[in-house]
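Below, read A as the first sequence line, B as the second, and so on, with proteins coming before strands; counting in each chain starts at 1. Computed from a prediction, not measured in an experiment: that's the story for all the values here.
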Number of protein chains: 2
Amino acid sequence: MWQLYQFPLCPFSRKVRLLLGEKGVGYELVRESPWNRRDEFLHLNPAGQTPVMVEDAQGSVLVDSQAICEFFEETVDKPSLINGTAVQRAEIRRLVSWFDTQFYNDVTGPLLHERMIKRLNARPATPDAKALREAMKAAIGHLDYTDYLLDHRNWIAGATFSLADLAAAAQISVVDYLGGIDWKGHEQTARWYMGLKSRPSFRPLLAERMEVIGPAPHYANVDF
Amino acid sequence: MWQLYQFPLCPFSRKVRLLLGEKGVGYELVRESPWNRRDEFLHLNPAGQTPVMVEDAQGSVLVDSQAICEFFEETVDKPSLINGTAVQRAEIRRLVSWFDTQFYNDVTGPLLHERMIKRLNARPATPDAKALREAMKAAIGHLDYTDYLLDHRNWIAGATFSLADLAAAAQISVVDYLGGIDWKGHEQTARWYMGLKSRPSFRPLLAERMEVIGPAPHYANVDF
Ligand SMILES: N[C@@H](CCC(=O)N[C@@H](CS)C(=O)NCC(=O)O)C(=O)O
Ligand SMILES: N[C@@H](CCC(=O)N[C@@H](CS)C(=O)NCC(=O)O)C(=O)O
C-alpha cells in the first residue's frame with residue numbers, strides 16, 4: 001500500500017491526491033509538517049518538501065508532485081490524464097507548471113505563509129496586510145487567465161479533462177479555503193470549479209480541515 | 001525548423017539544448033532577453049520566461065523546459081534520456097526538479113541576478129557581497145550532494161546517463177561561467193563534469209559568451 005506524506009493544505013499533495021482518486025489508486029495518508037524539518041523526512045526527501053510517496057513492500061520512494069503524477073500516469077493507464085497528441089501533452093504540462101510555479105509563487109505560497117505558517121509559530125505572528133492584498137490581487141489576475149482559457153476551451157488545457165485541471169483545482173481549492181478568492185466576475189472559472197468539486201476524487205479534500213485555521217464559509221459547498 | 005528562444009546563460013534553455021544535441025534534433029537560436037518583457041514574447045509565453053520553442057510550419061509553441069524535454073523524449077525516442085523502470089524514471093524526474101528548482105533558487109538564480117542582471121540595468125548596480133557569499137556557500141552544499149550521488153552511482157540519477165545529468169550540467173555550467181564554483185574538494189563532481197563537457201552536445205554552449213560578462217578563466221577547458 002502506498003503512503004502519501006502530506007498536510008491538508010499542501011496544494012501539490014492535493015494535485016497528487018486528485019490524480020490518484022481519478023485513477024482509483026488506494027493510498028494511506030501520513031501527516032507531515034515539512035516546516036518542522038524532521039530528520040526522517042529529510043532522509044526521504046532532501047528537499048524537505050511534501051508530497052512524498054512510499055511503498056514499503058517494494059522499498060520505493062517517490063518525490064516531487066510532478067514526478068509522482070508522471071509515475072502513476074505511466075503505471076496506471078486509465079483514465080489518461082496527460083492525453084492527446086505530443087503537442088497537446090506539452091500544453092497540459094505547460095499549464096501544470098504554470099499553476100505549480102506561477103500561481104503558487106504569486107498566490108498560494110504567500111497566502112499559506114501569511115494565514116497558516118505564521119499561526120504555527122510558537123509566538124503566532126499577525127499576517128502582513130500588504131502581502132495579503134498583493135496575493136489577492138494576483139489571484140484576480142490568475143482567475144482572469146483561467147476565465148480566458150475556459151472561454152476558448154472546454155477544459156483548462158484543451159478539449160479534454162487533464163492533469164492541468166487537477167493542478168489548477170488543487171491550487172485554487174487551497175486559496176479558496178483561506179478566503180483568498182473573490183468569485184464575483186469569474187463566472188467561467190466558478191462554473192468549471194463547481195464541476196470539479198462535485199467529482200468523487202474531490203470529496204475527501206473538501207471534508208478535511210487544518211487545525212489552526214478554518215475554511216471560508218462557502219468552501220465545501222458544491223453549489224456556491 | 002524549430003526555433004529556440006533563449007539567452008546564452010539561461011540554464012533551462014541549456015538543459016533543452018543539451019537534450020536536443022544528444023537526440024540530434026536541429027534548431028535555430030533566437031535571442032530573447034526575458035527581463036525586457038517584450039509583448040510578442042509574452043504573447044508566446046504569458047509566464048515571460050525562456051525557453052520557448054516554436055515551429056512555424058506547424059504552428060506549434062512549446063513552453064517550459066520540462067514540457068519541452070518530455071515532448072522531445074516522446075517524439076524522438078533515441079537515445080532515451082528518461083529511461084529505465086517507472087521508479088527509475090521517477091528518480092530522474094526528481095533530480096531534474098531538484099536542479100531546476102532547489103539548485104536554481106539557491107545558487108544559479110542569485111548569481112545570475114547579482115552578476116548579470118544588475119549589469120544590464122541602465123545604471124548598472126554593484127553585486128551584493130552578502131548575496132554572492134550565500135550563493136557560493138550554497139553551491140558547496142549542492143556539490144557535496146552531487147559528490148554523494150556520484151559516490152553511489154555512475155550517473156546523477158542511477159546506472160545510466162539521463163536528463164538528470166543534463167539538468168545538473170546545465171545549472172553547474174552557468175554557475176561555473178559566473179565564477180561561482182570552487183572545484184577543490186569536489187573530485188567526483190569535477191570528474192563527471194569533465195566527461196559531460198567533452199560531449200559534442202556540450203561544445204556549442206562552451207563557445208558562447210554573454211556580452212556583459214566574460215566567463216571564469218577555466219570555464220571552457222575540458223581538462224581543468
Ligand atoms: N516542486 C515540489 C514543490 C513542493 C512544495 O513546495 N511543498 C511545500 C508544501 S506546499 C513544502 O513542503 N514546503 C516546505 C519547504 O519548502 O521547506 C512539488 O511539486 O512536489
Ligand atoms: N520553469 C521554467 C523556468 C524558466 C525560467 O525561470 N527562466 C528564466 C531565465 S533563466 C526567466 O525567463 N526569467 C525571467 C522571469 O521570470 O521573468 C522552465 O523550466 O522553463
From Leu62(A), Val30(A), Leu44(A), residue fulfilling side-chain contact (heavy atoms from CB on, under 4.5 Å) relative to Met53(A):
Leu62(A)

Enter the distance from Ile117(B):CD1 to Leu9(B):CG here, rounded to the nearest 0.5 Å.
9.5 Å

Do you know which of Ile92(A), Val63(A), Val61(A), Ile68(A) has the most heavy-atom pairs with chain B at a distance under 4.5 angstrom?
Val63(A)

CG of Leu132(B) to CG of Leu111(B), rounded to nearest 0.5 Å, is 6.0 Å

Nearest 0.5 Å please: distance from the SG atom of Cys10(B) over to the CG atom of Leu112(B).
8.5 Å

Tell me which donor-acceptor pairs, judged by distance alone and kept under 3.5 Å, run between chain A and chain B, one pair per line.
from, atom 1, to, atom 2, distance (Å)
Gln49(A), OE1, Gln102(B), NE2, 3.4
Asp64(A), OD1, Ser97(B), OG, 2.8
Glu74(A), OE1, Arg89(B), NE, 2.8
Glu74(A), OE1, Arg89(B), NH2, 2.8
Glu74(A), OE2, Arg89(B), NE, 3.2
Glu74(A), OE2, Arg93(B), NH1, 3.2
Glu74(A), OE2, Arg93(B), NH2, 3.2
Arg89(A), NE, Glu74(B), OE1, 2.7
Arg89(A), NE, Glu74(B), OE2, 3.2
Arg89(A), NH2, Glu74(B), OE1, 2.7
Arg93(A), NH1, Glu74(B), OE2, 3.2
Arg93(A), NH2, Glu74(B), OE2, 3.2
Ser97(A), OG, Asp64(B), OD1, 2.8
Gln102(A), NE2, Gln49(B), OE1, 3.4

Within this structure, what is the CG-SG distance for the pair Leu81(B) and Cys69(B), rounded to the nearest 0.5 Å?
8.5 Å

CG of Leu196(A) to CG of Leu18(A), rounded to nearest 0.5 Å, is 8.0 Å

